[in-house]
Amino acid sequence: MTDVLVAALRAIVGDDHCLTDPPLRASYETDWTRRFHGNALAVVRPGSASEVARVLVACADAGVGVVSQGGNTGLVGGSVPRGGEVVLSLLRMNVIGDLDRTAGEVTVGAGATLAAVQAAAQAAGWEVGVDLGARDSATIGGMMATNAGGVNVVRHGPMRARLLGFEAVRVDGAIIRRLPGMPKDNTGYDLGGLLAGSEGTLAVITKVRLRLVPRLRYRTVCVIGFADAASAVAAASELRRGLASVLALELFTDAGLDLIMRHASVAAPFTARTPVYLLVEVAAGEADPTDGLLEALEALAVDDSSVAVAADAAGRHRLWQLRERHTEVMNAEGVPHKLDVSVPAARYAELVERAHAAVTAADSTARTIVYGHVGDGNLHINVLGPAPEDEATDDAVLELVLELGGSVSAEHGIGVAKVGWLVRDRGAETVAAMRAIKAAWDPAGILNPGVLFED
Ligand code: FAD
Ligand code: MLT
Ligand code: ZN
């Protein structure tokens, strides 16, 4: 039966785009953290929505699961097979077309990388409004499927906020689209909004129409040191309230800075070392926002020896490395358990302070490194030490997050990593409503089995 399916897939996408040899499949079968992996029956790389439709119909007829995959930078195990599925890679469908300079809108293939779309938008005098460290590999389809957040959510919102229109393929091969899509469009259910964050469980996204944001020519970045998380969170909230130019508010700690200096060879922002750091980016289209930032820092009475400010591109890049390269250095230290969570602003500092104790209560030898998007109440708690399949520290952290009134997934999604926690977080009735949608769109459970819902 599987031989028949593979032959059918070869006929649809061509031999060169149906990979069955283990070495060719390998990079599609393990996730970015190396915590999640599984064998694929085949990796198929369609070149059009109609090929996607034929692949889905063939797999559904054979009763074989399909795992959609973009850049494979997802951090919750949802982009790699669990065992025996077909991986559907969207990377060939990467055309950036129909950029409307006047309206500030662009339609892109699901496989286009964020960096490529950012370059196209900037060339036309606009910006995507979403940015994250995986920009060179993460695809617009994968980002929409996870409703990715990133470092500019505090100003522009997550991917769903940028979505104007879409094209997607349902498991029965039906191609649904709303293109170009309009900023105001109240014609029934918002299916694009539903697909945002659906993690490949409802349909395969093949095109996305994005609403761009005006280009912000003037940018300044600063890093400020604080004695504790509470002071950093208070400063972040003061800056968000007082400065309309805030584009990013990011937090990291001295333990993370140590690893960045060791593995990424980036220098500390200033001589003094402090327990917690806040990175602030301000940006504006018409006038340099630096003076406003400096005035705000003065009002906060931050110590001059614990501030670094950069308005030039090289200086800004250097300061951003201190925050952005945390993901990479976690991997250099081991196979991290990545707990991406959010809590109400008033509980954020408490989460930062209590995370390590929660982890060590479950595993006394585990290490905890935290960083995150403080402007959105989003903390990334990385646990190093426990074996990939040992979930004791994951459970301890997520238990604490629920106690603090938070969400077990802020921006990375549920994937397979947190399926056991969806009902705890959202409640049985809400998850039953989600399952009803899943049953209507994918009754046989072909699309990303094992993701989002427990079997
Ligand atoms: P993949 O990893 O390939 O897939 C992710 C999920 O989407 C899977 O469930 C997959 O099945 C599904 N999917 C993929 N493509 C499609 C499609 N076309 N149709 C339907 N389903 C699909 N995330 C953030 O939110 N904020 C960050 O700041 C951030 N920073 C990161 C930094 C680094 C260095 C890394 C490695 C990751 C980071 N991530 C971040 C996580 C990741 O980049 C995002 O989740 C991103 O959206 C994944 O895009 P992708 O193309 O790699 O998707
Ligand atoms: C980040 O903000 O750096 C990303 O979400 C990735 C991570 O959690 O490491
Ligand atoms: Zn993040």
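In what follows, residues are counted from 1 in the order of the sequence shown. All ligand and atom numbering here is 1-based and tracks the order in the structure. All values derive from a computational prediction rather than experimental measurement. The figures that follow rest on heavy atoms only: side chains count, while hydrogens, waters and symmetry mates do not.
- Interface of Leu90 with ligand 1, defined as ligand atoms under 4.0 Å from a residue heavy atom, comprises 18 (N).
- Where the criterion is an N or O separation shorter than 3.5 Å, residue side chain and backbone included, Val151 fails it with respect to ligand 1.
- Remark: among candidates Ala203, Ala134, Gly141, the nearest residue to atom 20 (C) of ligand 1 is Ala203, based on non-hydrogen atoms.
- Between atom 14 (C) of ligand 1 and the options Gly78, Gly71, Ala410, Gly142, the minimum heavy-atom separation is to Gly142.
- A donor-acceptor pair under 3.5 Å is absent between the side-chain atoms of Asp31 and the main chain of Gly78, judged by distance alone.
- For the Zn ion (ligand 3), the set of protein N/O/S atoms nearer than 2.8 Å consists of His373 NE2, His380 NE2, Glu411 OE2, ordered by chain and number.
- Every atom of ligand 1 is numbered from 1 in the order shown, and the set under 4.0 Å from a heavy atom of Gly70 is 1 (P), 3 (O), 14 (C), 15 (N), 51 (O).
- Counting heavy atoms under 4.0 Å from ligand 1, residue Thr139 touches it through both backbone and side chain.
- The closest side-chain heavy-atom distance from Leu19 to Tyr28 is below 4.5 Å.
- Looking at ligand 1, you won't find any N or O of Gln69 less than 3.5 Å from one of its N or O atoms.
- Using a 4.0 Å cut-off between heavy atoms, Ile205 contacts ligand 1 through both its backbone and its side chain.
- Considering backbone and side-chain atoms alike, Ala138 places every N or O at 3.5 Å or more from each N or O of ligand 1.
- Heavy-atom proximity to Asn448, at under 4.0 Å, picks out these atoms of ligand 1: 9 (O), 11 (O).
- Each of the atoms 20 (C), 21 (N) of ligand 1 lies under 4.0 Å from some heavy atom of Gly200.
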Write 'none' if nothing qualifies; otherwise put on separate lines each N/O atom of ligand 2 with a protein N/O atom under 3.5 Å away and their distance to 0.1 Å.
residue  : atom  : partner : partner atom : Å
ligand 2 : 2 (O) : Arg323  : NH2          : 2.7
ligand 2 : 2 (O) : His373  : NE2          : 3.0
ligand 2 : 2 (O) : His380  : NE2          : 3.0
ligand 2 : 3 (O) : Arg323  : NH1          : 3.1
ligand 2 : 3 (O) : Arg323  : NH2          : 3.4
ligand 2 : 3 (O) : Thr327  : OG1          : 3.3
ligand 2 : 5 (O) : His380  : NE2          : 3.0
ligand 2 : 5 (O) : Glu411  : OE2          : 3.1
ligand 2 : 5 (O) : His412  : NE2          : 2.8
ligand 2 : 9 (O) : Thr327  : OG1          : 2.9
ligand 2 : 9 (O) : Lys338  : NZ           : 3.0
ligand 2 : 9 (O) : Tyr371  : OH           : 2.6

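- Close approach of ligand 1 to Ala110 (heavy-atom distance below 4.0 Å) involves ligand atoms 18 (N).
- Between Leu75 and ligand 1 there is a heavy-atom distance shorter than 4.0 Å.
- Short contacts between ligand 1 and Ala148, defined as distances under 4.0 Å to a heavy atom of the residue, involve ligand atoms 25 (O), 47 (O).
- Residue His373 places a heavy atom under 4.0 Å from ligand 1.
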